[in-house]
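A short write-up of the structure that comes next.
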Amino acid sequence: MRSETFHQATILIVDDQQPNIRLLERILQPAGYTHVHGTRDPREIGALCRKLSPDLILLDLHMPYVSGLRVLEQLEEHIRKETFLPILVITADTLPETRQKALAAGATDFLTKPFDPTEVLLRVRNLLETRFLYHELEKRVQERTRQLEEAQLEMLRRLALASDSRDDETGRHTHRVGCLSAALARLAGLPEEQVDLIGRAAPLHDIGKIGISDQILLKPGPLTAEEFEQMKTHTVIGGRILGGSKVPVLQLAEQIALYHHERWDGSGYQGLAGEQIPKEARIVALADVFDVLTHLRPYKAAWPVEKALAEIESQSGRHFDPDLAELFLRERMALEIRQLAEAVEGTPLTIAAPAEDLAPTPL
């Protein structure tokens with residue numbers, strides 16, 4: 001590990017004796033450690049940790065106001081949040097029970113007063129090396145986890161695209177539903193992190209259609225009662241495909257797959273009503289229906305946008321969450337629809353221009 005990495009480390013010294021702080025600074029700074037901070041007041045430890053984000057803390061045990069052991073208890077929150085925050089206890093107390101208590105409270109290593117400069121530098125370097133190796137390992141684990149999640153999502157996106165292309169000539173239905181769902185979620189005031197999750201999970205809403213036969217899925221006319229019952233199983237199949245994951249986006253996708261055909265009045269596939277239906281599924285249900293209405297399917301022609309919007313309005317409080325339907329019908333959402341159509345299809349839809357004071361929400 002390069003020396004510059006160590007020398008960029010932030011070291012915090014907590015000792016009520018100023019001479020001890022100065023001595024440690026005189027040992028550390030000539031060795032290249034330029035980010036060394038000290039405090040005589042252990043009551044400042046929490047604020048200093050938040051401000052400095054130290055890589056190493058040198059902590060005296062016997063201090064007024066707050067003992068070193070008590071400080072270790074207060075640092076527990078910071079130690080848990082960090083991958084590895086080493087605490088080097090500096091003390092003249094060599095009693096075994098003192099060391100045991102300090103170790104139990106979270107101490108990493110010990111320096112005995114009076115200090116030996118060589119020992120100080122060796123222990124500091126060893127602890128910093130361990131910390132930086134932990135950080136590097138954590139980054140690698142996170143990157144590997146991200147790659148695995150992306151690979152899993154890519155596989156599922158391709159499955160969704162495969163099922164989508166069976167009853168959508170362009171194969172872009174899933175993409176449009178994801179974009180519209182994210183736009184509506186943002187307009188509904190959901191946190192941006194949740195908006196992003198919905199945008200990535202929504203395209204998987206119909207993944208269960210891979211379990212429905214072409215005779216039913218591509219039938220040009222109305223389905224029989226028996227065929228419709230089979231069609232309804234695509235929500236359960238989708239939930240089964242996506243179920244059991246520990247990945248948040250797939251957990252959300254499972255809920256959307258299961259419940260995007262529920263209706264506000266309880267007349268949907270599984271009979272959930274109102275707020276019993278997960279909000280994300282209510283959002284996707286609206287985006288899904290609008291996109292299906294406005295695009296060609298084997299069993300129907302594409303509706304004009306104005307007619308589809310009128311249908312959304314007429315079904316508010318019946319099929320759709322009335323609050324979400326109201327948001328969807330706003331001029332700002334109409335702009336989202338127009339922008340999406342231009343970006344995905346290359347052909348603008350005819351929708352009234354939005355009011356000038358309503359800036360577009362980015363997709």
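A quick note: this is a predicted structure, and the numbers were derived from the prediction, not measured.
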(request) Start with the C-alpha distance between Thr91 and Thr112, add both sets of side-chain angles, then the distance that settles side chain to side chain contact (heavy atoms under 4.5 Å, CB included), and finish with yes or no. (result) CA-CA 5 Å; Thr91 181; Thr112 303; 5.9 Å; no
(request) Output, in order, the C-alpha distance, side-chain angles, deciding distance and verdict of salt bridge (Lys or Arg N to Asp or Glu O under 4.0 Å) for Glu73 and Arg70. (result) CA-CA 5 Å; Glu73 293 176 6; Arg70 178 60 180 155; 2.8 Å; yes
(message) Determine whether Asn126 and Thr130 satisfy the following criterion, side chain to side chain contact (heavy atoms under 4.5 Å, CB included), listing intermediate values before the conclusion.
(response) CA-CA 6 Å; Asn126 286 342; Thr130 304; 5.5 Å; no
(message) I'd like to know whether Asp288 forms a side chain to side chain donor-acceptor pair (under 3.5 Å) with His173, so could you lay out the CA-CA distance, the side-chain angles of the two residues, the decisive distance to 0.1 Å, and finally the verdict.
(response) CA-CA 8 Å; Asp288 181 35; His173 168 69; 2.9 Å; yes
(message) One pair to check against side chain to side chain donor-acceptor pair (under 3.5 Å): Asp265 and His319. What are the steps and the verdict?
(response) CA-CA 6 Å; Asp265 64 4; His319 189 155; over 6 Å; no
(request) Report the C-alpha separation of Thr39 and Asp41 in whole Å, then their side-chain angles, then the decisive distance to 0.1 Å, and conclude whether the side chain to side chain donor-acceptor pair (under 3.5 Å) test is met. (result) CA-CA 5 Å; Thr39 180; Asp41 190 344; 6.0 Å; no
(request) I would like to know whether Asp109 and Arg123 meet salt bridge (Lys or Arg N to Asp or Glu O under 4.0 Å); could you show each step before the answer? (result) CA-CA 8 Å; Asp109 201 354; Arg123 291 186 184 275; 2.9 Å; yes
(request) Applying side chain to side chain donor-acceptor pair (under 3.5 Å), run through His260 and Asp206 and close with a yes or a no. (result) CA-CA 9 Å; His260 71 284; Asp206 271 342; 3.0 Å; yes
(request) Under the salt bridge (Lys or Arg N to Asp or Glu O under 4.0 Å) rule, what do Glu129 and Arg125 come out as? Steps first, then yes or no, please. (result) CA-CA 6 Å; Glu129 183 173 18; Arg125 186 177 180 88; 5.5 Å; no
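Without hydrogens or angle criteria, Asp15 side chain to Ile21 main chain gives no donor-acceptor distance under 3.5 Å. A donor-acceptor pair under 3.5 Å is absent between the side-chain atoms of Ser245 and the main chain of Leu242, judged by distance alone. Remark: the backbone N or O of Ala310 is not paired with any side-chain donor or acceptor of Lys307 at under 3.5 angstrom. Distance alone, capped at 3.5 Å, places no donor-acceptor pair between the Glu326 side chain and the Asp323 backbone. The backbone N or O of Val236 sits nowhere less than 3.5 Å from a side-chain atom of Thr233 that would complete a donor-acceptor pair. Formation of a donor-acceptor pair under 3.5 Å by the Arg282 side chain with backbone atoms of Ile277 is found in this model.
Ion pairing of Arg99 with Asp93 is absent here, as no side-chain N (NZ or NE/NH1/NH2) approaches a carboxylate O to less than 4.0 Å. The pair Glu143-Arg140 does not count as a salt bridge, with every side-chain nitrogen at least 4.0 angstrom from each carboxylate oxygen. Looking at Lys139 and Glu136, no side-chain N of the basic residue comes within less than 4.0 Å of a carboxylate O on the acidic one, giving no salt bridge. Between Arg176 and Asp291, at least one side-chain nitrogen of the basic residue sits less than 4.0 Å from a carboxylate oxygen of the acidic one, meeting the salt-bridge criterion.
Tyr65 OH: 12 or fewer foreign heavy atoms inside a 6.0 Å radius. By the neighbour-count criterion of 12 heavy atoms within 6.0 Å, atom NZ of Lys101 is sparsely surrounded, having that number or fewer from other residues, nucleotides or ligands. Counting heavy-atom neighbours within 6.0 Å of Glu97 CD, excluding the residue itself, gives a total above 12. Other residues, nucleotides and ligands contribute more than 12 heavy atoms inside 6.0 Å of the CZ atom of Arg146. Within 6.0 Å of NZ on Lys300 lie more than 12 heavy atoms contributed by other residues, nucleotides or ligands. The neighbour count for Glu193 CD, taken as heavy atoms of other residues, nucleotides or ligands under 6.0 Å away, does not exceed 12. Shown here is Gln142, whose CD atom has more than 12 heavy atoms of other residues, nucleotides or ligands within 6.0 Å. More than 12 non-hydrogen atoms from other residues, nucleotides or ligands lie less than 6.0 angstrom from CD of Glu150.
The shortest side-chain heavy-atom distance between Ile45 and Leu12 falls under the 4.5 Å cut-off. Between Glu119 and Leu122, the closest side-chain pair of non-hydrogen atoms is not below 4.5 Å. With contacts defined as side-chain heavy-atom distances shorter than 4.5 Å, the pair Phe228/Ile216 does not qualify. Between Arg40 and Gln18, the closest side-chain pair of non-hydrogen atoms falls below 4.5 Å.
Taken from CG in Leu204 to CD1 in Ile241, the straight-line distance is 9.5 Å, to the nearest 0.5 Å. Distance check, rounded to the nearest 0.5 Å: OG of Ser181 to CG of Leu324 gives 10.5 Å. Note that CD of Glu262 is 13.5 Å distant from CG of Asp321, once rounded to the nearest 0.5 Å. The distance from the CG atom of Leu223 to the CE atom of Met231 is 5.5 Å, given to the nearest 0.5 Å. Annotation: the span from Lys232 atom NZ to Glu227 atom CD amounts to 14.0 Å, rounded to 0.5 Å. Taken to the nearest 0.5 Å, the OG atom of Ser53 stands 11.0 Å off from the CG atom of Leu48.
Taking the six-membered ring for Trp and the full ring otherwise, the centers of His205 and His234 sit at least 6.0 Å from each other.
Cation-pi geometry between Arg131 and Phe84 is not satisfied (NZ or CZ under 6.0 Å from the ring centre, within 45° of the ring normal). Relative to the ring axis of Phe320, Arg263 does not place its NZ or CZ within 45° and under 6.0 Å from the centre.
When every heavy atom of Gly244 is checked against every heavy atom of Glu254, the shortest pair comes out as N-OE1, 4.2 Å. Looking at every heavy atom in both residues, Ala325 comes nearest to Ile312 through CB-CG2, 4.3 Å. When all heavy atoms are compared, the tightest approach of Ala257 to Gly239 is CB-N, 4.1 Å. Pairing each heavy atom of Ile27 with each of Leu121, the nearest pair is O-CD2, 3.7 Å.
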